[in-house]
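The shown structure was predicted, so the numbers you read here are calculated from the model rather than taken from an experiment. All ligand and atom numbering here is 1-based and tracks the order in the structure. Numbering of residues begins at 1 and proceeds along the displayed sequence.
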Amino acid sequence: MSALDTPRVRFAPSPTGKLHVGNVRTALLNWLFARKNGGTFILRIDDTDLERSTKAYEDGLREDLTWLGLTWDETFSQSDRFDSYKAAAEKLKKDGILYPCYETADELDRQRKLQRVQGKPPVYNRHALSLSDEDRQKLESEGRQAHWRFKLSGNPVTWKDVVRGEQTIETDSISDPVLIRADGSFLYTLPSVVDDIDAKITHVIRGEDHVTNSGAQIEIFQALSDHLPNFAHMPLLVGADGKGLSKRLGSLSMGELRDQYIEPLAICSLLGKIGTSDPIEARPSMSVLIEEFSFEKVGRAPARFDEEELLLINGRLLHETPYVDVKDRLDALNVAGGEALWLAVRSNVEKLSDAKDWSETLFGTAAGKIEGEDKAFCAQAADLMPETVNQDSWGPWLTSVKTETGRKGKGLFMPLRRALTGMDHGPEMGPLLALMGSERAKARLNGEAG
Ligand code: GLU
């Protein structure tokens with residue numbers, strides 16, 4: 001098997017915040033691609049920023065990925081690999097393509113403003129390349145610490161992007177990227193390349209906000225090794241209105257969705273399909289999503305993330321979900337009625353927690369709603385209610401109420417539904433009547449709490 005037949009991909013979140021819909025989509029597409037092609041999915045923790053990275057966020061990322069079903073085959077943290085990054089930096093310095101710079105942030109800012117006024121692109125002017133050893137010593141003796149920039153070739157960098165097709169970045173139109181800050185810490189750019197080389201990553205799959213980065217990173221790959229992965233840059237997520245994700249949606253975390261009783265498979269169904277040529281609908285399992293996945297289906301248009309659609313998909317999934325798959329969670333929610341209740345109400349829930357409302361409706365003590373003019377009618381219906389009821393009792397009972405009262409259609413049916421459930425709509429009444437039992441049903445029809 002060639003390397004291309006067995007992809008090695010990585011999802012590389014920074015543990016500086018919670019996993020949100022945008023980065024879950026990146027994780028999911030990496031995972032689907034790996035699983036579809038018998039490849040390896042690696043979880044890389046990008047924690048070079050030791051100050052902002054926390055163990056709690058890292059644990060949260062792992063918990064959320066596990067909850068979503070996005071299991072990884074290998075994992076490592078960048079904070080364990082500083083020696084490798086230092087070795088790579090030394091090589092680049094020795095080759096003269098990682099060079100020390102001494103400008104402060106303010107000086108760089110002023111420089112950019114000046115360039116803008118002059119109508120020039122705000123590209124670093126490489127002043128530091130003209131410094132002599134003496135100049136550098138002087139600057140350091142004044143207390144300045146060097147930060148280090150990678151010297152781009154100035155030539156166009158071209159690659160065939162798996163999603164975007166032929167891409168070219170003119171490296172003379174971007175600044176030499178800073179790889180090491182003045183305090184000695186690494187920015188993401190170099191460690192990521194070193195890791196992708198060492199982990200033999202075959203495909204870098206990430207958001208299109210990294211396209212320019214890729215131009216610079218490809219030159220770093222070439223400076224360090226013969227290994228160059230393929231790149232797949234995914235269009236970014238936008239909101240339902242086609243505009244950028246709102247702040248709230250952009251930071252919508254898996255924890256929040258879990259707390260709202262959104263099913264992980266609903267999230268994966270939606271995030272796996274938006275921006276592709278497949279229809280957006282609930283998929284019955286991750287295996288089906290894997291089966292259907294192909295980069296050829298991923299378009300270049302932004303992917304719309306619509307919360308309404310998420311709810312719709314969530315409901316559709318639950319309508320088909322067997323009791324065994326939700327039993328534990330229903331128990332945790334204190335939903336009474338067991339399998340019979342679930343089967344009776346599942347086609348009417350949008351979220352699992354809605355089953356709790358139905359359980360309270362059926363077994364709680366709230367009296368139903370009876371309009372003044374329906375009082376006598378409901379009392380008569382109560383008298384006709386058999387002593388014991390089962391799933392099949394509703395039809396014959398309704399017929400007897402119809403015969404005795406002369407009512408039909410909505411005028412017959414609706415007051416009974418309202419009296420029994422307090423609502424104008426809901427699941428089929430037969431199973432609901434069987435669940436609430438004859439005594440409770442009679443009490444409600446008589447306008448009593450029961
Ligand atoms: N930690 C980087 C980010 O979240 C990873 C980008 C990449 O996949 O290379 O932006």
- If you measure from each non-hydrogen atom of Y188 to ligand 1, which part falls under 4.0 Å: side chain, backbone, both or neither? side chain
- Task: Can you sort out which atoms of ligand 1 are near R206, meaning under 4.0 Å from one of its heavy atoms?
- Result: 7 (C), 8 (O), 9 (O)
- Message: Could you tell me, atom by atom, which parts of ligand 1 come under 4.0 Å of a heavy atom of D46?
- Response: 1 (N), 2 (C), 5 (C)
- Please say whether more than 12 non-hydrogen atoms of neighbouring residues, nucleotides or ligands are located less than 6.0 Å from CD in E142. yes
- Numbering the atoms of ligand 1 from 1, which are under 4.0 Å from a heavy atom of S14? 1 (N)
- Task: Please name the residue in the list D46, D47, D195 that meets the salt bridge (Lys or Arg N to Asp or Glu O under 4.0 Å) test with R81.
- Result: D195
- Item | Residue E107 excluded, over 12 heavy atoms near CD under 6.0 Å | yes
- Query: Are the ring centres of Y188 and F186 closer than 6.0 Å?
  - Reply: no
- Query: Who's the nearest protein heavy-atom neighbour of atom 8 (O) of ligand 1, and how far?
  - Reply: R10 NH1, 2.7 Å
- Of A12, G207, G22, which has the heavy atom at the shortest distance from atom 5 (C) of ligand 1? A12
- Query: Should you measure from each heavy atom of H210, which atoms of ligand 1 turn up under 4.0 Å away?
  - Reply: 6 (C), 10 (O)
- Item | Lys/Arg N to Asp/Glu carboxylate O, R304 vs E309, below 4.0 Å | no
- Query: Between H233 and F231, how do the two ring planes meet: parallel, tilted or perpendicular, split at 30° and 60°?
  - Reply: parallel
